[in-house]
Amino acid sequence: MVVVEEVTKLSERRTQTSSEAFPDESLASIQTAVEAVPTSVFDGSTKHTEVGGFDATIADELSQYEYEGDAAGGYNPNCKLWSHQGFNYSVDLYDADARIAIEVEKSERKNVSDDLLKFQKGYRTQKDGRPKIEFGCLVVPVNYLGRHNLYQHSLTKLDFMKGVLFIDDVAVIGYRDPRPD
């Protein structure tokens with residue numbers, strides 16, 4: 001099973017008076033889903049490559065979430081939250097009732113900033129009188145590129161952006177990628 005080593009919420013790192021903290025029960029269920037992924041999902045792949053089975057296995061454990069991928073290999077339109085000039089923006093997993101979006105990163109450091117921008121855009125975009133995204137969750141490896149830590153990089157990005165990041169809360173879950181460097 002995949003090991004979760006770190007969990008942090010933006011609300012623990014900023015003075016938060018008007019925003020809600022990430023719901024503990026929802027965060028615990030996401031962490032449990034990540035921990036339920038067998039390490040065999042990573043078999044046959046090398047680090048820094050996409051492992052679609054990781055996202056899909058997390059999605060299997062979170063039945064209330066829509067999953068971006070579908071059985072036919074296409075994209076689930078319920079995860080496509082915006083379209084702009086012909087480009088579709090989506091999140092990996094989305095719970096429309098709880099307004100929680102999850103982004104799972106395995107190989108691209110640069111995607112963390114994009115993920116935070118998606119969460120911000122989701123908070124600024126309304127659907128049925130509520131933001132499309134009230135809570136974002138990043139699932140990132142703690143052992144990205146050997147000595148680099150994508151989890152720590154995510155926290156650094158959050159600290160840098162927290163003054164302009166208007167969203168109720170963002171959680172970061174750091175897991176150990178079982179593949180060798």
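Just so it is clear, the model here is predicted, and its values are computed rather than measured.
A salt bridge is absent between Lys118 and Asp92; no separation between the charged side-chain nitrogens and carboxylate oxygens falls under 4.0 Å.
A side-chain donor-acceptor contact under 3.5 Å links Asp169 to the backbone of Ser11. Asp177 places no side-chain N or O within donor-acceptor distance of the main-chain N or O of Asn143, the cut-off being under 3.5 Å.
Ser29 has its side chain within reach of Leu62: a pair of non-hydrogen atoms, C-beta onward, lies under 4.5 Å apart. Side-chain contact between Asp55 and Ile102 is absent, with no heavy-atom pair separated by less than 4.5 Å. Between Val104 and Leu93, the closest side-chain pair of non-hydrogen atoms falls below 4.5 Å. For the pair Ser154/Glu105, no side-chain contact is recorded, criterion being any heavy-atom separation below 4.5 Å from C-beta on. When side chains are defined from C-beta on, Asp24 counts as touching Lys9, because their heavy atoms get closer than 4.5 Å. When side chains are defined from C-beta on, Phe42 counts as touching Val2, because their heavy atoms get closer than 4.5 Å. By the 4.5 Å heavy-atom criterion applied to side chains, Phe119 and Leu165 are not counted as neighbours. Residues Arg99 and Pro131 are not in side-chain contact: their nearest non-hydrogen atoms beyond the backbone lie 4.5 Å or more apart.
Between the NZ atom in Lys162 and the CG atom in Leu10 there is a gap of 7.5 Å [rounded to 0.5 Å]. Atom-to-atom distance recorded for Gln31:CD and Glu61:CD is 13.5 Å, nearest 0.5 angstrom. With values rounded to the nearest 0.5 angstrom, Met161 atom CE is found 11.5 Å from Asp159 atom CG. If you take CG on Asn76 and OH on Tyr67, they are separated by 10.0 Å, rounding to the nearest 0.5 Å. Here the CD1 atom belonging to Ile58 is positioned 11.5 Å from the OG1 atom belonging to Thr32, to the nearest 0.5 angstrom. Between the CG atom in Asn149 and the CD atom in Glu5 there is a gap of 8.5 Å [rounded to 0.5 Å].
If you chain together hydrophobic residues whose side chains sit under 4.5 Å apart, Phe54 and Met1 never meet in one group. Linking Ile, Leu, Val, Met, Phe, Trp and Tyr residues whenever their side-chain heavy atoms come within less than 4.5 Å places Leu117 and Trp82 in a single cluster. Hydrophobic clustering, with ILVMFWY side chains joined whenever heavy atoms are under 4.5 angstrom apart, groups Val170 together with Phe166. Cluster membership check: Ile167 shares its hydrophobic cluster with Phe160, using side-chain heavy-atom separations under 4.5 Å among Ile, Leu, Val, Met, Phe, Trp and Tyr.
Counting heavy atoms of neighbouring residues, nucleotides and ligands inside a 6.0 Å radius, atom NZ of Lys121 does not exceed 12 of them. Applying the 6.0 Å contact sphere to CD of Glu25 captures no more than 12 heavy atoms from other residues, nucleotides or ligands.
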*Verify side chain to side chain contact (heavy atoms under 4.5 Å, CB included) between Val3 and Thr39, making sure each step is shown before the conclusion.*
CA-CA 9 Å; Val3 175; Thr39 56; over 6 Å; no
*Take Phe135 and Phe22 through the ring-ring contact (aromatic ring centres under 6.0 Å, His included) test and state the conclusion after the steps.*
CA-CA 6 Å; Phe135 306 99; Phe22 204 105; 5.5 Å; yes
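The minimum heavy-atom distance linking Val139 with Tyr175 is given by the pair CG1-CD2, 3.7 Å. Between Tyr151 and Glu6, the shortest heavy-atom distance links the atoms CZ-CB, 3.1 Å. Annotation for Gly53 and Val41: closest pair C-CG1, 3.4 Å, computed over non-hydrogen atoms.
When each of Leu158, Leu138, Leu155, Thr156 is paired with Val112, the side chain to side chain contact (heavy atoms under 4.5 Å, CB included) condition holds for Leu138 and for no other.
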